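The structure appears below as structure tokens.
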Amino acid sequence: MKTAMPTTPAPDRLTAELADELQAIAATGLTRRRRVLETPCGRNATVDGKKVLNFAANDYLGLAGNAEIAGALADGAVQWGAGSGASHLVSGHLVPHEALESEIAAFTGFARALTFSTGYLANLAVTPTLAGRGDAVFADKLNHASLIDAMQLAKANGADVQRYPHNDVAALEKLLATSTAGRKIIVTDAVFSMDGDLAPLPLLFALAERYDAWLIIDDAHGFGVLGPQGRGSLAHFNLPASPRILLMGTLGKAAGVGGAFVAGSATAIDYLLQKGRAYIFTTAAPPAIACALSKSLQLIVGGDALRANLMARIAQLRDGLAGLPYSLLPSPTAIQPLIVGANEAAVALSTALWERGLWVPAIRPPTVPKGTARLRISVSAAHTAADIDTLISALKESA
Ligand SMILES: *Cc1c(COP(=O)(O)O)cnc(C)c1O
């Protein structure tokens with residue numbers, strides 16, 4: 001038998017499929033693109049030579065560009081080198097990591113803490129490690145994407161995952177009351193990342209106690225900002241560091257550096273250290289990052305003036321935007337969502353602001369529910385009263 005040599009190479013079907021999908025995304029105007037910043041993160045950003053006021057970053061205390069923290073990072077690199085060399089359990093756990101863990105435990109009031117390279121990773125390490133076959137996880141519908149992915153992993157481990165309507169304590173109680181699961185775990189953002197509102201943590205904690213459940217709290221946007229000395233959402237609500245709570249916080253937002261932690265009882269943290277795959281099978285962050293974070297923690301503790309300025313700017317913005325055709329969600333935090341509705345209108349408003357030198361990102365479905373496209377205004381302690389006035393005037397003239 002004679003086989004004919006193909007005259008043209010076989011078409012790469014996979015690449016062709018991806019190109020088609022990308023084209024479909026472009027056709028609906030949903031292509032995502034990155035802007036390249038020519039300046040460090042701060043209240044101003046320069047993009048393509050254009051200077052804009054930055055309302056896009058999660059740098060709530062203005063610490064990302066802080067010189068003392070950058071100095072601690074540089075000194076840390078000189079003393080400890082560039083890399084950790086291995087995972088924490090092999091040989092990558094250095095003195096600065098150990099010190100940072102203790103400092104975070106003391107700061108949050110928990111017995112112990114573990115640190116991670118990112119918040120995404122921290123969330124993957126917690127719920128899927130604690131919940132398996134016969135267990136049930138109850139998750140708020142508006143939880144962050146990283147928690148949603150953690151739920152998928154928990155499901156793959158055999159756990160039953162139920163999502164309850166946003167902040168609906170009564171619906172959650174029904175689920176808990178009828179659950180026959182072994183372990184019951186409630187998972188929630190403390191501050192919701194697209195709405196800026198707070199979870200009713202005291203009510204959730206009361207349910208956890210009543211139904212012998214655990215409460216896992218993602219405090220990405222509360223840590224450093226809320227509570228006395230910025231100790232976070234639990235401190236804001238005056239809740240105890242209970243052994244049935246695990247507190248996750250990110251260190252790339254208000255803390256201005258990068259990474260995350262999980263704090264809890266000595267037993268729960270030891271369990272995560274022994275069994276958390278997303279903790280065990282990844283290289284420890286560079287030790288200099290831990291040095292920078294220890295400095296950042298000091299600045300957060302002493303940062304009452306920063307937090308007072310942040311709260312004043314939030315209040316100024318909310319007062320100034322009353323009477324606009326669009327409404328601000330009732331958010332008490334640095335995340336101030338202005339609901340526009342239609343995707344095109346949100347993008348048009350964001351573009352109009354950009355042309356006036358203001359960077360305020362539009363957030364569209366599927367990141368937020370259909371019909372609720374919005375501007376997500378991130379307020380920072382680095383903003384001045386004049387910055388906020390500029391934003392208010394521009395919004396009034398563009399809306
Ligand atoms: C940003 C964020 C994360 C992820 O943290 P990273 O350190 O950016 O990976 C997790 N949860 C919430 C609620 C967040 O906003």
Side-chain angles (χ1 to χ4, degrees), residues 32 34 41 55-61 63-64 69 100 104 108 113-128 137 139-154 163 166-167 186-201 204 215-226 230 232-234 236 245-263 272 276 278-279 282-286 289-290 292-293 296-297 300 329 331-337 361 363 366-368 374 376-380:
R32 295 164 180 259
R34 301 170 300 174
C41 176
F55 291 97
N58 302 314
D59 181 25
Y60 304 127
L61 296 180
L63 294 180
I69 298 175
L100 179 63
I104 288 173
T108 57
L114 288 182
T115 60
F116 293 82
S117 295
T118 71
Y120 189 100
L121 206 53
N123 278 338
L124 293 190
V126 180
T127 311
V137 182
D140 190 289
K141 273 207 167 134
L142 292 192
N143 278 350
H144 188 260
S146 58
L147 285 175
I148 293 173
D149 290 3
M151 298 308 105
Q152 293 302 322
L153 265 183
R163 296 175 78 191
H166 178 51
N167 279 348
I186 305 165
V187 182
T188 186
D189 281 18
V191 175
F192 288 86
S193 50
M194 292 301 144
D195 288 26
D197 58 336
L198 298 175
L201 293 182
L204 297 180
L215 179 59
I216 294 173
I217 298 170
D218 177 337
D219 204 19
H221 303 280
F223 183 80
V225 173
L226 298 177
S233 299
L234 277 178
H236 169 81
I245 294 179
L246 279 166
L247 177 69
M248 175 274 194
T250 62
L251 301 169
K253 289 166 181 158
V257 182
F261 68 86
V262 178
L272 295 181
Y279 182 74
T282 186
T283 301
I289 298 284
L293 283 166
S296 170
L297 214 51
I300 287 173
L329 289 181
S331 157
T333 67
I335 301 166
Q336 291 293 322
I363 311 282
T367 308
V368 293
R374 64 195 67 185
R376 183 180 183 273
I377 306 169
S378 286
V379 186
S380 165

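What you see is a predicted model, and the numbers here were worked out from it, not measured in a lab. Both ligands and their constituent atoms are indexed starting at 1 by order of listing. Values below: every heavy atom of this structure, side chains too, minus hydrogens, waters and symmetry copies.
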- prompt: Do NZ/NE/NH1/NH2 and the carboxylate oxygens of Arg376 and Asp195 come within less than 4.0 Å?
  reply: no
Working note: Phe116 + Phe261, criterion ring-ring contact (aromatic ring centres under 6.0 Å, His included); need CA distance, chi angles, decisive distance, verdict.
CA-CA 6 Å; Phe116 293 82; Phe261 68 86; 9.4 Å; no
Under 4.0 Å from one or more heavy atoms of Asn123, ligand 1 contributes atoms 10 (C), 11 (N)
Polar atom proximity, Ser193 to ligand 1 (N or O, under 3.5 Å)
no
Yes or no: does Ser146 have any heavy atom under 4.0 Å from an atom of ligand 1? yes
Atoms of ligand 1 under 4.0 Å from any heavy atom of Gly119, numbered from 1 in the order shown, are 4 (C), 5 (O), 6 (P), 7 (O), 9 (O)
Near His221 (heavy-atom distance under 4.0 Å), the atoms of ligand 1 are 14 (C), 15 (O)
Under 3.5 Å, is there a donor on one side chain and an acceptor on the other for His166 and Asp197?
yes
Note: ligand 1 atoms sitting under 4.0 Å from heavy atoms of Tyr120 are 4 (C), 5 (O), 6 (P), 9 (O)
Quick note on ligand 1: atoms under 4.0 Å from a heavy atom of Asp218 include exactly 10 (C), 11 (N), 12 (C), 13 (C)
In this structure, atom 14 (C) of ligand 1 is nearest to the protein heavy atom Lys253 NZ, 2.8 Å
> Ignoring hydrogens and geometry, is there a side-chain-to-backbone donor-acceptor pair from Thr333 to Gly196 under 3.5 Å?
Replying inline: yes
Paired with Ile104, the side chain to side chain contact (heavy atoms under 4.5 Å, CB included) test is passed by just one of Leu114, Leu297, Leu293, namely Leu297
One finds that the ligand 1 atoms under 4.0 Å from a non-hydrogen atom of Thr118 are 7 (O), 9 (O)
Checking Leu246, Thr188, Asn123 against Ile216 for side chain to side chain contact (heavy atoms under 4.5 Å, CB included), the one that qualifies is Leu246
CG of Asp189 to CG of Asp218, rounded to nearest 0.5 Å, is 5.0 Å
